[in-house]
Amino acid sequence: MERMKCFKRLFSDDEDYDKILEEFGHFFLKTGPFCDSESLFKRYTSDPKSWWANFGAHTPLLQGLAFKVLGQPTSSSCCERNWSTYSFVHSLGRNRLTPKRAEDLVFIHNNLRLLSRNTLQYRDERTKMWDVGGDEFGTMEDIGILEFAELSLDEPEKEAVYFSEDANKENEMEKNDDVVELE
């Protein structure tokens with residue numbers, strides 16, 4: 001049932017949906033283009049990507065879907081990078097950010113990092129301001145120090161509002177503490 005929902009969402013055109021169901025049926029039942037002995041033997045012995053490249057040509061929609069699924073990263077480095085950016089955005093100095101605001105700033109930071117990859121400066125490796133560490137697992141010796149002076153995420157005008165609101169609340173609490181209850 002879930003497979004059908006997934007296929008329907010990915011292939012909204014009725015013609016493509018019918019075709020993907022037929023292609024998956026052949027794959028699952030090992031019929032049609034998937035019934036020859038070489039295809040069946042290699043299905044269990046070869047790398048999945050190379051198997052789809054070699055034997056999936058007769059089922060282009062299913063082959064494309066398989067490449068998308070098999071092309072997804074299988075490490076946690078993307079998550080680690082996201083958490084690192086979040087800790088940069090929501091630090092002890094900026095702990096008054098709402099979770100939604102911090103999430104939006106992380107989203108913006110990641111998009112700026114991706115957009116910076118399209119510049120000539122990035123391709124010439126003259127700057128990697130938004131891509132500290134890059135995507136490679138290696139040392140960070142050649143990256144240099146990220147300068148925070150130009151990348152301020154603080155909002156002093158909003159902090160002043162927060163502090164004045166906190167001061168008003170504290171004054172009200174002090175006034176309430178001065179009131180003595182008589183028995």
At what distance, to the nearest 0.5 angstrom, does [atom1] of [X] lie from [atom2] of [Y]?
X    : Y    : atom1 : atom2 : value
T85  : R113 : OG1   : CZ    : 7.0 Å
F7   : S12  : CZ    : OG    : 14.5 Å
I20  : F24  : CD1   : CZ    : 9.0 Å
E38  : D36  : CD    : CG    : 7.0 Å
D14  : K8   : CG    : NZ    : 4.5 Å
L115 : I108 : CG    : CD1   : 11.5 Å

*Plane angle bin for Y86 and H90 - parallel if under 30°, tilted between 30 and 60°, otherwise perpendicular*: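 Because their plane-to-plane angle is under 30°, the rings of H90 and Y86 count as parallel.
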*In terms of ring plane angle, is the pair F55 and W51 parallel, tilted or perpendicular, where the classes change at 30° and 60°?*
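Tilted, since the angle between the ring planes falls between 30° and 60°.
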_Step-by-step side-chain contact (heavy atoms from CB on, under 4.5 Å) determination, N111 to F107_ = CA-CA 6 Å; N111 282 335; F107 179 79; 3.0 Å; yes
*Checking side-chain contact (heavy atoms from CB on, under 4.5 Å) for the pair Q72/K68: CA distance, chi angles, key distance, verdict?*
CA-CA 7 Å; Q72 292 180 359; K68 285 180 185 178; 5.9 Å; no
*Could you tell me whether F67 atom CZ has more than 12 heavy atoms of other residues or ligands within 6.0 Å of it?*
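Yes - once you tally the heavy atoms of other residues, nucleotides and ligands closer than 6.0 Å, there are more than 12.
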*Count the heavy atoms of every other residue, nucleotide or ligand shown that sit under 6.0 Å from CD of E15, and state whether that count exceeds 12.*
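No, not enclosed.
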_Polar side-chain atom of S39 near backbone of C35 as donor-acceptor pair, under 3.5 Å_ =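 Side chain of S39 to backbone of C35: no pair is present.
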*asked:* For the aromatic rings, using the six-membered ring if either is Trp, is the centroid distance between F88 and W83 under 6.0 Å?
replied: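 Not under 6.0 Å, so no.
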*Please check if the distance between the ring centroids of F34 and F27 is under 6.0 Å.*
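Centroid distance F34-F27: below 6.0 Å, so yes.
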Treating Ile, Leu, Val, Met, Phe, Trp and Tyr as nodes and any side-chain heavy-atom pair under 4.5 angstrom as an edge, say whether [X] and [Y] lie in one connected cluster.
X   : Y   : value
L61 : L29 : yes
Y44 : L70 : no
M4  : L10 : yes

_Pair E2 + K5, salt bridge at N-O below 4.0 Å_ =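 Counted as a salt bridge, because a side-chain N and a carboxylate O are separated by less than 4.0 Å.
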*asked:* Between K30 and L40, is the side-chain contact (heavy atoms from CB on, under 4.5 Å) condition met? List the steps.
replied: CA-CA 8 Å; K30 301 172 187 155; L40 293 173; 3.6 Å; yes
Could you tell me which non-hydrogen atom of [X] sits nearest to which non-hydrogen atom of [Y], and how far apart they are?
X   : Y    : value
G25 : T31  : O-OG1, 4.4 Å
L97 : R101 : CD2-CG, 3.6 Å
L62 : E23  : N-OE1, 2.7 Å
P33 : T59  : CG-CG2, 4.2 Å
K19 : P60  : NZ-CG, 4.1 Å

